[in-house]
Structures are given as structure tokens and as C-alpha cells.
Student: 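If you scroll down you'll find the structure; I have some questions about it.
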Amino acid sequence: MKAYRRADPAVIVIFGAGGDLTWRKLVPALYNLYLDKWLAEKFAVIGVDAKPMTVGKFRARLREGVDQFSRRGRVEEKAWAAFASQISYFSGDFNGPAVFKAVAEKLAKLDAAWGVKANQIFYQATPPALIEDLAAQLGKARLARERTRARIVVEKPFGHDLESARALDRKLTAVFDEHQIYRIDHYLGKETVQNILAFRFANSLFEPIWNRRYIDHVQITVAETVGVEHRGGYYERAGALRDMVQNHLMQVLCLIAMEPPVSYQADEIRNKKVDVLRAVRPIPPDQVHALAVRGQYGPGGISCLPVLGYRQEKGVAQDSTTETFAAVKMFVDNWRWQDVPFYLRTGKRLPSRASEISIVFEPVPHQSFPRSMLEEWEPNRIVIRIQPEEGILVRFQAKHPGEAMRLKPVHMRFSYKDSFHVAAPEAYETLLLDVMLGDATQFMRADQLETAWGIIEPILEAWRSSEPVDLPMYEAGTWGPEVAGALIAQDGRRWLAPTLHDSGHAETGHVEGAGE
Ligand code: BG6
């Protein structure tokens, strides 16, 4: 895991530098790393894209992006000027060798001017279809051969099923060694996701009860209020299962379910995570309907404003059967988790934005209090709130003040904002620094990725082959289709509503019913 130190000299070459990711995420993140002095003094950014553009124009566009999207707000003139002076731009066709030759020459020049062999980070911010060619061209230009300092960063999607993911890996590993490949899942860079490891393994309080003896079930919810925005074309081919479950939700599942690592070495953590995925019970094709449900949003309202249905969005087919909501029940077949269900759900156009994990504990073995005292009884619960209002909440029973003995759920709450009074870095800041430090802990290894594809493959297959009329719909601004409620209700359980409103007040025991 990352040592607490500044990055070594590095050049970040961004392919697809004219696109949204560079503008909204990558350059604001690099600029903040620069301001926080995490970048080495010797650093440079090289943007590469097909569009001809002067470097002045390129820098001006990046500055606009930082002004709009940086957590610090608008740039400070002097600092930006110094940062921007390290940015250059090359235009060219990714299918031909010319632009790669120009990049190689620029890299050699920087090394000579700095008198060091800087790390060379090739960031794929292009559409996914270009990644294979990009890797091949980097190989031909001999840009991958320095095994310790050349690294490639790959954005998702990594394939669209197990077979294509394997094919992509074969292409990448024909050029780069596995340790040079950094597959980004930006959820792993989020502070609260990283904090799961600290919470579980730096405290002796929780680990003894973190198992099937005390835990009844686990819920992992990633709810979004946004629709597909301008990404209809991509989303049509992806859907919620590929876009969110196969990566972000399964990574969170790994962190919740993994065994304590022996050390914080990248491979030790990744081995423990892949062990979880290997233990996930395979879903037999004839059980898909009982273990996985999907839905698609129709027109509705979010925060009192009317919004379009998915099929009316730009780039989406009028008869699309792509799911914008998915819920899956999984089991991890090992000693710790045998028969404890993990319910995962995610959806777009849900009523509130909330990413949250609920660890729901077993009821007390013997209930000494009479029913009349237990009106609002609910089992103990630990809630890990990933976003927004990042924090952790423990819910338990307390006596309501008054003469009568009446029990009521209350909570203890840890809030990042209140405890630390510092702005957390953005996920991309953390992950970019990790790449520069050569720390792959928070990145996905090929075997993890392939195992995760293998788990959802039967669901993809079943959904692919079912009739479009079978696709359940939900109104935008509701908690998903009715079948989602039924998935968990068949086990006598129910989905738990996000615990915190944006104001920071906890909801008390409100529970979502089917299709609410
Ligand atoms: C991306 C998905 O990986 O994550 C998007 O492709 C989704 O569809 C996004 O909106 C959610 O990320 P965050 O950080 O906003 O929770």
C-alpha cells in the first residue's frame, strides 16, 4: 500500500485528451495533486487526441474544466500558469505510428532535460474500442518495454463479458506485463471505500462479530438520481449490471467480505479480494429469475421536476431493453459467510443519491422485553455511507425517556466532515498518485476482473435471451421495479432506505416497500 511520499518524476500521457474524462476528472485531479505538492517537481502532462488543436487552446480548455470541476473551485492564476507550462499537446491518428513516435521523442527529450528516467504513464481516456490498438501501437513504438517505469492505465469497461474481457487481457499482456497494467475502478479511490479496510482491520471491536454467527444479511446500495445523461450510446450496450454491479458493487462486496490481510502489500489485498469472488456461489441458469432482477426507468419526477423515461433519452432505442436498475442476491460460500445473503442493488433515476452498505445483525437470541415495549424494534445495524455525507452509523436500541420501559432505535454517528475538517481528495487524485507511486493495491487485477465477469455471466445470458415484454419498468423517482421488493421480500426481509438525508439527519426506520 502507498507509502506516504511524493511521487517520483513522471510524465502522464493522456490518450483521448480532448474528451470529457480529461476535462472533468483527470486534469482537475492532477492540478490538485500539484497544489498539494504530491507531484514531483519534474512532471509533465502530454495530451494526445485526433483533433488538431494548439497547445494554447488545449490548456485554455483544461483550465475551464478545472474552474468548473475542481473541488477547490477556480484556479489561482500563478499556480495554474506554472502547472499549465508543463502541459503539451499532440494530435494524430491512433491507428498510425506517427503520433506515437512524436510522443516517444518528447519523452526522451524530457528525460534528457531533467537528467532522470521519469515514470511514463500512458492513460487511456479514449472510447473502449480503441484500447487494443492503443496498446499495440505503444508496443510498436517501444514505449512499453521499460518494465518498471512504463505503465498503462485502463478505464472501464474491460470487455462486455467474460470472453471479451479475456481477449482484451490477451492483447494488453502481449505488450505490457500484468504489473504495468492499472485497471481503474474509481470506487476504490473513494475515501470511504478505502476506510472499510481501516474500519474492519484497525479495530478489534468489529471483527469478532463480522461473520455468519452475528450477521443476518448485508445490503449494498448504489442509488443515483441522474439518468444516462449524454452517454446513451455507451449505456445501451452496457446496462446497470455491467456498468455498476460487475465492478463497483462487487469491489465493495470484496472489501466487506474479505479475510484479514496479513500485510498491506498490493498482492496480499488483491489475493484476499479475489478469494471472495471465487467463493461467490455460482448462479445456475434456471435460478437467475429468483436471484437477479432488473428494471428500466420510465418518465417520472426527480426533486419535483419532470424527467424523461430511458427510452426517450438521446442515443437510446425506442424499444430498448437495457436495464437501468439491477438487484442481485449473492452468497459467499466460505466459513465466515455461509448462507448469509448479500443483496446488491443499483439504479439510475432513483429518489436520492446514496451509496451505502448496511450490515444487519441477527436479533437477540432471547427477547426479554414484552411486545408492548418493542413497537419500533429493529435489529442492530452498521451502516457505512460511501456518499454523500460520508460516514459510519451504528444503530441500536435504547430506552425512550419516561416512566414506561419503551425501546426505540437510536444511532451513533461518525461523520468524515465533522471529525476531520479537511476536504477529502477526489478518487482520481488518490488513484493517479497511486499509479505514479507504482502502487496497484486499489486497482483490479486480471483474475479479479475475470472472476467478477464469470459471476454475472449467467445473468447476462438469461436477460439477453428473454423477451423484451418481460422487462419490468419503474417510474423515475421511485425505488426501482416491484420485482426488486419481491426479491428480498421472499426471504422475509426488506430494502432499507438510505440512513442519512443530506441534512445529516438519520431517518428512523423508514423502509422501502416494493416499487415504492
Ligand atoms: C461510472 C458509471 O462508473 O460510475 C456511471 O459508468 C455512474 O454510470 C458512475 O454514474 C457513478 O459514480 P459516482 O462516483 O458518481 O458514484
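For ligands, and for the atoms within them, numbers begin at 1 and follow the listed sequence. If you read the sequence from its start, that first residue is 1, and numbering goes on from there.
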Student: How far is atom 5 (C) of ligand 1 from the closest protein heavy atom, and which atom is that?
Tutor: Arg231 NH1, 3.3 Å
Student: Could you pull out, from Arg242, Glu426, Glu229, Arg353, the option with a heavy atom nearest to atom 15 (O) of ligand 1?
Tutor: Arg353
Student: Within a distance under 4.0 Å of any heavy atom of Lys348, pick out the atoms of ligand 1 and give their elements.
Tutor: 5 (C), 7 (C), 8 (O), 10 (O)
Student: Do Glu356 and Glu389 make a side-chain contact, defined as non-hydrogen atoms from C-beta onward lying under 4.5 Å apart?
Tutor: no
Student: Which of the numbered atoms in ligand 1 are below 4.0 angstrom from a heavy atom of Lys156?
Tutor: 1 (C), 2 (C), 3 (O), 6 (O)
Student: Check step by step if ring-ring contact (aromatic ring centres under 6.0 Å, His included) holds for Phe201 and Phe199.
Tutor: CA-CA 6 Å; Phe201 304 129; Phe199 181 71; over 10 Å; no
Student: Just need the protein heavy atom nearest to atom 10 (O) of ligand 1, so name the residue and atom and give the distance.
Tutor: Glu224 OE2, 2.5 Å
Student: Quick one: which ligand 1 atoms are inside 4.0 Å of a heavy atom on His248?
Tutor: 1 (C), 3 (O), 4 (O)
Student: Which ligand 1 atoms are under 4.0 Å away from a heavy-atom of Lys190?
Tutor: 13 (P), 14 (O), 16 (O)
Student: With heavy atoms of Asp243 as the reference, note each atom of ligand 1 found under 4.0 Å away.
Tutor: 2 (C), 5 (C), 6 (O), 8 (O)
Student: Out of His186, Lys25, Glu155, who is nearest to atom 12 (O) of ligand 1 when you count heavy atoms only?
Tutor: His186
Student: side-chain hydrogen bond (donor to acceptor under 3.5 Å, both in side chains) between Tyr123 and Glu155: does it pass, once the steps are laid out?
Tutor: CA-CA 8 Å; Tyr123 202 111; Glu155 278 282 339; 2.7 Å; yes
Student: Nearest heavy-atom pair of Arg345 and Trp479: which atoms, and what distance?
Tutor: NH1-CE3, 3.8 Å
Student: Should the pair Phe58 and Tyr89 be assigned to parallel (<30°), tilted (30 to 60°) or perpendicular (>60°) ring geometry?
Tutor: tilted
Student: Is the closest heavy atom of Tyr187 to ligand 1 under 4.0 Å?
Tutor: yes
Student: Quick one, Pro472 and Arg294 - any side-chain contact, counting heavy atoms below 4.5 Å?
Tutor: yes
Student: Quick check: Phe83 with Phe43 (ring centres under 6.0 Å apart)?
Tutor: yes
